Amino acid sequence: DEEPESAALVSARLADLDYQEGHAPQAVARLEAALEALSGVEPDAHVAAVAGQLGRFLVLSGEGHRAEPHIEQALEIAERLDIPEVLSHTLNTKGSQAAVKGHLNEARILLEGALAIALEHELHSAGLRAYNNLAWVLELQDRIPESYALAEQALALARRVGDRGREIVFGANGVYPLYLDGRWDEAVA
């Protein structure tokens, strides 16, 4: 019986759209319902993906305390079943949550792991997300040259995979570290 799984996956995709359109509470509610619908099935890649996405949207909504059980559920399933994409995305979320708490070294280590997994398995979306968050944490640690180097690597990946939206973001993000580092001419260029 794949009906609950299919419905949950559709809900997860719709939650992405909800979130992109600025409706975070609807995205969270949709994912909570999807995870509840999956509660009777054997924990698998679908459960891990929905739990991880719910954790991510809760963190992005400032509700990290509510995110933690979902993050841990996704990580446990992803590690047990060897699901690199869920593992990378969820480590990324956990790293972002650590950064929000001010645990910058922990955040950096988690995000470096998320990036390594994404690059090893050619998971472009996960990799670009990890690049973005890791560059942010390096900026918070005042490691501006490293942040800039990561933005350049992310820009190259976005161009290589044809992700024009992220290409624009990383192109723009690369300006800020140059500004912070006093490299005015490069920032203007």
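Remember, it's a predicted structure, so these values are computed and weren't measured experimentally.
- Connection of Tyr179 to Leu155 is not established within any shared hydrophobic cluster, with ILVMFWY side chains joined at heavy-atom distances below 4.5 Å, either directly or through further cluster members.
- Both Val161 and Leu115 are assigned to one and the same hydrophobic cluster, defined by single-linkage of ILVMFWY side chains at heavy-atom distances under 4.5 Å.
- Counting heavy atoms from C-beta outward, Leu138 and Ile144 have side chains that stay 4.5 Å or more apart.
- The hydrophobic cluster containing Leu60 does not contain Val100, counting ILVMFWY residues as joined when their side-chain heavy atoms lie under 4.5 angstrom apart, directly or transitively.
- Tyr131 and Phe170 have perpendicular rings, their planes meeting at more than 60° on a 0 to 90° scale where under 30° would count as parallel.
- Residues Leu58 and Leu35 are members of one and the same hydrophobic cluster, defined by side-chain heavy-atom contacts under 4.5 angstrom among Ile, Leu, Val, Met, Phe, Trp and Tyr.
- Using a distance-only test at 3.5 Å, with no hydrogens or angles considered, a donor-acceptor pair links the side chain of Ser11 to the main chain of Ala7.
- Counting all heavy atoms, side chain and backbone alike, Ser88 lies closest to Ala114 at OG-O, 2.7 Å.
- No donor-acceptor contact under 3.5 angstrom links the side chains of Ser61 and Arg56, judged on distance only.
- Rounded to the nearest 0.5 angstrom, Leu157 CG and Arg166 CZ are separated by 9.5 Å.
- Between the CZ atom in Arg160 and the CD atom in Glu167 there is a gap of 13.0 Å [rounded to 0.5 Å].
- Across Ala98 and Glu106, no two heavy atoms sit closer than the pair CB-CD, 3.9 Å.
- Identified under the ring-ring contact (aromatic ring centres under 6.0 Å, His included) test for residues 101-127, with sequence neighbours left out: none.
- Of the inter-residue distances, the one linking Leu31 atom CG with Glu36 atom CD reads 13.0 Å to the nearest 0.5 angstrom.
- Ion pairing of Glu72 with Lys94 is present here, as a side-chain N (NZ or NE/NH1/NH2) and a carboxylate O approach within less than 4.0 Å.
- Put simply, the side chain of Leu91 reaches to within 4.5 Å of the side chain of Leu75, judged on heavy atoms.
- Remark: Glu63 CD is packed, more than 12 non-hydrogen atoms of other residues, nucleotides or ligands lying under 6.0 Å away.
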- Stepwise, does the side-chain contact (heavy atoms from CB on, under 4.5 Å) test hold for Arg66 with Leu54? CA-CA 10 Å; Arg66 288 186 52 216; Leu54 175 56; 5.9 Å; no
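- The minimum heavy-atom distance linking Ile117 with Leu123 is given by the pair O-CD1, 4.4 Å.
- Taking every heavy atom of both residues into account, Val50 and Ala34 meet most closely at CG1-CB, 4.1 Å.
- Rounded to the nearest 0.5 angstrom, Leu119 CG and Gln153 CD are separated by 8.5 Å.
- Residues Val41 and His46 form no side-chain contact, since every pair of their non-hydrogen atoms from C-beta on lies 4.5 Å or further apart.
- Of all non-hydrogen atoms in Val59 and Ala67, the two that sit nearest each other are CG2-CB, 3.6 Å.
- When the side chains of ILVMFWY residues are joined at heavy-atom separations under 4.5 Å, either directly or via intervening members, Leu140 and Leu111 end up in a single hydrophobic cluster.
- Annotation: the span from Leu110 atom CG to Leu134 atom CG amounts to 10.5 Å, rounded to 0.5 Å.
- Checked for salt-bridge contact, Glu76 and Arg80 meet the test: a charged N lies under 4.0 Å from a carboxylate O.
- Rounded to the nearest 0.5 angstrom, Leu104 CG and Arg143 CZ are separated by 10.0 Å.
- Among all heavy-atom pairs drawn from Asp44 and Ile77, the shortest one is O-CG2, 3.5 Å.
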- I would like to know whether Arg129 and Thr93 meet side-chain hydrogen bond (donor to acceptor under 3.5 Å, both in side chains); could you show each step before the answer? CA-CA 10 Å; Arg129 185 173 162 231; Thr93 298; 2.7 Å; yes
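- Both cation-pi conditions hold for Arg183 and Tyr148: the charged atom is under 6.0 angstrom from the six-membered ring centre and inside a 45 degree cone around its axis.
- At a threshold of 4.0 Å, the pair Lys101-Glu68 counts as salt-bridged, since one of the basic side-chain nitrogens sits closer than that to a carboxylate oxygen.
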